[in-house]
There are 2 protein chains.
Amino acid sequence: MRLTTKGRYAVTAMLDLALHYNEGPTTLADISHRQGISLSYLEQLFAKLRKQGLVDSTRGPGGGYRLSRSPHEIPVANVITAVDEKVETTRCGGLSNCQDDQQCLTHELWSELSSQIHQFLCGISLGTLVEKEGVKQVAARQERLQKNSQPVNVSAAKREVATAS
Amino acid sequence: MRLTTKGRYAVTAMLDLALHYNEGPTTLADISHRQGISLSYLEQLFAKLRKQGLVDSTRGPGGGYRLSRSPHEIPVANVITAVDEKVETTRCGGLSNCQDDQQCLTHELWSELSSQIHQFLCGISLGTLVEKEGVKQVAARQERLQKNSQPVNVSAAKREVATAS
DNA sequence: AAATACTTGACTAAAATACTCGGATATGTA
DNA sequence: TACATATCCGAGTATTTTAGTCAAGTATTT
């Protein structure tokens, strides 16, 4: 399994969606504010998540994204594989042609590890995570922060910093 | 846990060492031939493996590297962490300051995953791998290839290919 | 002395990652 | 219809990592 920040961002964003599952569509701008992920990057990620059928989108004012099904029916593994094309730990992508068209010495090890990770992440759904105490606490903190602060144009703010230097 | 080709190379090389555990020091040149890893890259990796006390080295003719202890006492996890500085799946390296100095929404998930992977790779030693049927077969093939072919300067060969195009 | 083999450090091409930017398109509201 | 809000889409790019090269050592055996 490939574990990159891309996959982490995707899971975080999807978890945010799961937390607001009962509130109608959530905009990427909201997720961006709450989770500190750039809007344009979220757009890229959600294009893939949509293609994989994990989320539905509605355009226009009041629109946004929502999970295509219950949080309990979406394993974390699906989210990660949706944005990170490759899923294998092995070099050859499971084709066993790692070295001179033959299986390399450690091929078995990596396949086994892959399936371990896959199993673990398949066993945990967004729904599972939402119910965790720690997640609830962090989510509550994020809500408070959002209410106290004005909506901010993050990229504009960053641009200011950049030009100031 | 970070899983890169660097870690894979390291495990492959260490497994090669384990396979020749009873034959005195193994040179990096031999490993390079058998496993198709560039000599200079191996040097880098083994510098780290030595610092971590996983291998002992002897210089001069007849020298080389050998495992510092029995293959059964070296878990794969140790090899990987020796060459891949970071070991955490989490962004913050377990410090819980992933977002605005606070714990991010998915922090728990990644810590748990980390420990899962760690457990798995701690449970498998080089000795375990050596005994696997698949590994034995691949190793046997590599021995045959090595005996049939002249020692080759790999990087010189590669350079030829490159200039030919 | 000569050959072998490890040791160290600096450097680099190529790939991947993590984004940004600009614009297009759809949709609800006044 | 105008306008604001959102999603869509493609191209471009700075940074980091990977995977390696290169050069100049040092230690040890024969």
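Chain identifiers are assigned alphabetically (A, B, ...) following the order of the sequence lines, protein sequences preceding nucleic acid strands; residue numbering begins at 1 within each chain.
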Check step by step if salt bridge (Lys or Arg N to Asp or Glu O under 4.0 Å) holds for B/D16 and B/R34. CA-CA 8 Å; B/D16 187 286; B/R34 280 193 291 259; 2.8 Å; yes
Might you work through the side-chain hydrogen bond (donor to acceptor under 3.5 Å, both in side chains) test for A/W110 and A/S114, ending with a clear yes or no? CA-CA 6 Å; A/W110 308 123; A/S114 281; over 6 Å; no
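Partner assigned to D/dT30 is C/dA1, using Watson-Crick or G-U wobble distances below 3.5 angstrom.
One interatomic measurement links the two molecules: NZ of A/K6 to P of D/dT17, which rounds to 16 Å at whole-angstrom precision. Rounding to whole angstrom units, CG of residue A/L42 and C1' of D/dA6 are separated by 13 Å. The distance between atom CG of B/D30 and atom C1' of C/dT4, rounded to the nearest whole Å, is 12 Å. Atom P of nucleotide D/dG10 and atom CG of A/L45 are separated by 16 Å, given to the nearest angstrom. Between the C1' atom of C/dT20 and the CD1 atom of A/I37 lies a distance of 16 Å, rounded to the nearest Å. The distance between atom CD of B/Q35 and atom P of D/dG20, rounded to the nearest whole Å, is 14 Å. The interatomic distance linking A/K48 (NZ) with D/dG10 (C1') rounds to 13 Å, in whole Å. Distance B/Y41 OH to C/dG9 P: 18 Å, rounded to the nearest Å.
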Using a cutoff of under 3.5 Å, can you pull out all pairs of nitrogen or oxygen atoms linking the protein to nucleotides 6-8 of chain C, with atom names and distances?
from, atom 1, to, atom 2, distance (Å)
C/dC6, OP1, B/L28, N, 3.3
C/dC6, O3', B/S57, OG, 3.4
C/dT7, OP1, B/R50, NE, 3.2
C/dT7, OP1, B/S57, OG, 2.7
C/dT7, OP2, B/Y65, OH, 2.5
C/dT7, O4', B/R59, NH2, 3.1

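Distances shown here put every side-chain N or O of B/Y9 at or beyond 4.0 Å from the OP1 or OP2 atom of D/dT18. The phosphate of C/dC21 has neither OP1 nor OP2 within less than 4.0 Å of any side-chain N or O from A/S40.
For the ring pair (Phe, Tyr, Trp, His ring centres under 6.0 Å) condition, the pairs that include at least one residue of residues 49-71 of chain B, sequence neighbours left out, are B/F46-B/Y65.
Taking 4.5 Å as the limit, every side-chain heavy atom of B/K51 sits out of range of all side-chain heavy atoms of B/K48.
Between the side chain of B/S68 and the backbone N or O of B/G53, at least one donor-acceptor pair lies under 3.5 Å.
When A/L49, A/I31, A/L126 are each tested for a side-chain contact (heavy atoms from CB on, under 4.5 Å) with A/L17, only one passes: A/I31.
A donor-acceptor contact closer than 3.5 angstrom is absent between the side chains of A/E112 and A/H107.
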